[in-house]
Amino acid sequence: MARILSKSRLSDAVYRMGIEAPLIARGRRAGQFVILRTDSEWGERIPLTIADADAARGSIDIVFQTVGVTTKRLSLLEPGDRLADITGPLGRPTEIRDYGAADRRGWVVVVGGGVGVAPAHPIAQAFHAAGNRVTAIIGARTRELVIMEEEMRRASDELIVVTDDGSAGRQGLVTAPLAECCAGPERPDEVVIVGPPMMMKFAAETTRPFGVKTTASLNAIMIDGTGMCGGCRVTVGGRTRFVCVDGPEFDAHQVDFDSFIRRSGAFRREEKAHRCRSGLFGSAGGAS
Amino acid sequence: MTAKERLAIPPQPMPEHPPAERVHNMDEVALGYTLETARREASRCLNCPNRPCVAGCPVRVRIPEFLAAVAAGEIDRALEIIRENSLLPAVCGRVCPQEKQCQRNCTVGRMLGDIGKAVAIGRVERFVADHASGVAVAPAPRVGRRRIAVVGSGPASITCAADCARAGHAVVVFEAFHREGGVLVYGIPEFRLPKRIVEREIRNLRAMGVKTVSDFVVGRTLPLSELRRRFDAVFLGVGAGLPRFMDIPGEDLIGVFSANEYLTRANLMKAYREEEAVTPFWHGRQVAVLGGGNVAMDAARMALRLGAESVQVIYRRSEQEMPARDEEVRHAREEGVTFLTLANATRILGDDEGCVTALECLRYELGEPDASGRRRPVAIPGSAFTVPADTVIVAVGSGTSPLLPATEPGLRLDAKGHVIVDPETMMTSLSGVFAGGDIESGAATVILAMGDGRKAADGICRYLAARTDCIGKGVLL
């Protein structure tokens, strides 16, 4: 188990891997994630969302950005190599429903930012398969960083690409087309947002005035993924919730994003020291 | 030897690493008896007819018999006697609260008027487990055709799995983490329970023929309903699994950890080996630990070993009510942990970056006894004060993980969220599904969990014997 079957590079620092994991491939549903390690003795457990799965082949796809020692080591593995472990599927699946009525199709807007497009993909697929009209908005800093564009097109009725510098699709942030969706004569039944915490915060603020149901999929620091450590706790509606067992999806209008953003950087100093020590990122240890 | 001669033998002290040295490493604090001191300590047992120590042991180890074997120098024989009832003597000898169980009842201690002078059963047990030789565990013969799934691999599960295997059934243990052992590997620190000892006990379990599957989260990887279809009986020993927080402002600040997270990073993920381990660790300088149990002591002592300048345990009752074992409190104090009792945090304060800077506390006094029999702590109005801290470790207990109940609505829970079982058989509200350990009792001890595991194994075997069908499908996974 946990043999790497395929590997491709989606951009400079973003990779896609197919991994042999038959039970996870069979059981997983949209919105769920896995935890994996690359080294059986000293490895770190990192959560990664499942970008796609093939139950017949018994494999799942993960997409990751090389931000730390573990993702960097993962990126150095090749097809045929094995992971130390993989556990999942974890987290509660996305609540998929058909919002359609007799006279109209349901409408779901799925927003993916950066590497967040990968976890957004199965969510768009599932809402689409359930019968809803799906508008996918995917954003990145620049053309080179736009990932899974074709798959998102297949998983949606309408795809809007946005880049900060205008090198692909529209120029600007994902919040602009999102606001247009919400301000039109017809409102989306649900908006799902997945991406960097800051993007999710602004996307949530964009939909709030329109009262559109908005769900954010959070990627928090965690160890076990089963509720045991509490490292992934987040404040939602004034209550402490655990991303691993209560989430990863929460009502975006209730999430305390400022606290979430702070907690996401809790180990920044230690992680940078690890990057330096690992020698995988050059002497400066790479971006913080 | 006469009883009088036995009573005259002085209690043998346990050699320990000096505190000043041990706070700088993860080595085990208690060094263990030598053959000579173990035999001398075992010789103190009077072999009294009413055997109160056995009654005090949750798994009923035949204590006088194994002590007699040690006194005679027959260490392998002593281990065989212990193994009849306990699969984990190396663990129990180290972490059981003997002073509240077997040793509390010891006739020697009573006659000498001091429980502290009871025969040191735990220390002798540990010696036996560490020093017996040639004690390979034989595979249990497969006499039954039934198959049992054991969920979790902590002390309750290990005991249940071993007993079911001994009864001749095929057993598969499912562990969510990448390594088996449950709280023995993620919670209890190396300096109290070296991980090689847990590994040895897990190897023994496998040697008996028990199959172990790691990285498998029942309720996620496969639903419990699926395990019920594939196995003739299921035991749930997944532990307490959900850390409690104080529900005070500031608990989301950077530098606030559950004891579970703090200890898991250090123990299971080996973050203390900073050169090798990838999992990052938090370097607290001024550490405050909230709670007064064994887990709080473990976290406090771990923080010292990881370089904290000061570690303070904050507990709202007095030291007398502290649930931690006396030995753990003593070790912590020797190492430099300070205790702030009759005080409790009401708020955690942070800086602009969201990092912890201090705790706001209230002083308490003890009122009337509450339902637990301990005197209820009552806050003193107007007594607020602050304690500077850059790290707060919350060790105020655990609740039941919502994972299994949420994915299996038929599993009935009590008001506190613990799984309800028939106290005779340990069967839950689901037919053929049994439970034990912290998931059923709330946070308790290793040996109580083992007692549950044993009782559940007995319940499972009786349940299976009463059934003529065999639902196992022949393929485990």
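Reminder, nothing fancy here: chain letters follow the sequence lines and each chain counts from 1.
- Among all heavy-atom pairs drawn from A/G227 and B/P243, the shortest one is O-CD, 3.2 Å.
- Across all non-hydrogen atoms, the minimal contact from A/R45 to B/A176 is NH2-O, 4.3 Å.
- Atom OG1 of residue A/T87 and atom CZ of residue B/F177 lie 9.0 Å apart, to the nearest 0.5 angstrom.
- For B/V256, the parts lying under 4.5 angstrom from a heavy atom of chain A are both the backbone and the side chain.
- For the options B/L268, B/D252, B/N260, heavy-atom pairs under 4.5 Å to chain A are most numerous at B/D252.
- For the options A/P89, A/G43, A/G231, heavy-atom pairs under 4.5 Å to chain B are most numerous at A/P89.
- For the pair B/D215 and A/I86, the tightest heavy-atom approach, listed with the atom from each and the gap, is CB-O, 3.5 Å.
- With contacts defined as side-chain heavy-atom distances shorter than 4.5 Å, the pair B/R220/A/R92 qualifies.
- Going from atom NE2 of B/H178 over to atom CG of A/L83 covers 13.5 Å, rounded to the nearest 0.5 Å.
- Counting heavy-atom neighbours within 6.0 Å of A/F202 CZ, excluding the residue itself, gives a total of 12 or less.
- At a 4.5 Å heavy-atom cutoff, the contact between A/R37 and chain B is made by side-chain atoms alone.
- Taking non-hydrogen atoms and a 4.5 Å limit, the residue list of residues 217-225 of chain A in contact with chain B, ordered by number, reads A/I221, A/I223, A/D224.
- With chain A as the partner, the residue from B/G241, B/A406, B/C355, B/S258 showing the most heavy-atom pairs under 4.5 Å is B/G241.
- One finds the OG atom of B/S398 at 9.0 Å from the CE atom of A/M228 (value rounded to the nearest 0.5 Å).
- Within 6.0 Å of atom CZ in B/R206, more than 12 heavy atoms from other residues, nucleotides or ligands are found, so the atom counts as buried in its surroundings.
- Atom OG in A/S264 sits 9.0 Å away from atom CD1 in B/I254 (nearest 0.5 Å).
- Counting heavy-atom pairs under 4.5 Å between each of B/W282, B/Y262, B/F257 and chain A puts B/W282 at the top.
- Contact of B/L242 with chain A is made through backbone and side chain together, with heavy-atom distances under 4.5 Å.
- Using a 4.5 Å cut-off between heavy atoms, A/E41 touches chain B through backbone and side chain atoms alike.
- For chain A, the option among B/T279, B/D247, B/T264 with the highest count of heavy-atom pairs below 4.5 Å is B/T279.
- When all heavy atoms are compared, the tightest approach of B/K270 to A/W42 is CD-CZ3, 3.6 Å.
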Checking side-chain contact (heavy atoms from CB on, under 4.5 Å) for the pair A/D39/B/V278: CA distance, chi angles, key distance, verdict? CA-CA 9 Å; A/D39 180 285; B/V278 183; over 6 Å; no
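- Evaluation of the side chain to side chain contact (heavy atoms under 4.5 Å, CB included) rule for B/Q286 yields B/S310, B/P388, B/D390 as partners, not counting sequence neighbours.
- Residues of residues 238-251 of chain A lying under 4.5 angstrom from chain B, judged on non-hydrogen atoms, are A/F242, A/V245 in numerical order.
- Scanning residues 69-78 of chain A against chain B with a 4.5 Å heavy-atom cutoff picks out A/V69, A/T70, A/R73, ordered by number.
- Contact annotation for A/T235: only side-chain heavy atoms (C-beta onward) come within less than 4.5 Å of a heavy atom of chain B.
- Only the backbone of B/E353 comes within less than 4.5 Å of a heavy atom of chain A; no side-chain atom from C-beta onward does.
- Few gaps surround CZ on A/R16; more than 12 heavy atoms of other groups in view lie less than 6.0 Å from it.
- Smallest separation of non-hydrogen atoms from B/F216 and A/L23: CE1-CD1, 3.6 Å.
- Looking only at heavy-atom pairs under 4.5 Å with chain A, the residue among B/E251, B/R265, B/M269 that has the most is B/R265.
- Residue contact with chain A, scored on non-hydrogen atoms closer than 4.5 Å, involves the side chain of B/Y186 exclusively.
- For A/R262, the parts lying under 4.5 angstrom from a heavy atom of chain B are both the backbone and the side chain.
- Other residues, nucleotides and ligands place more than 12 heavy atoms under 6.0 Å from the CD atom of A/E205.
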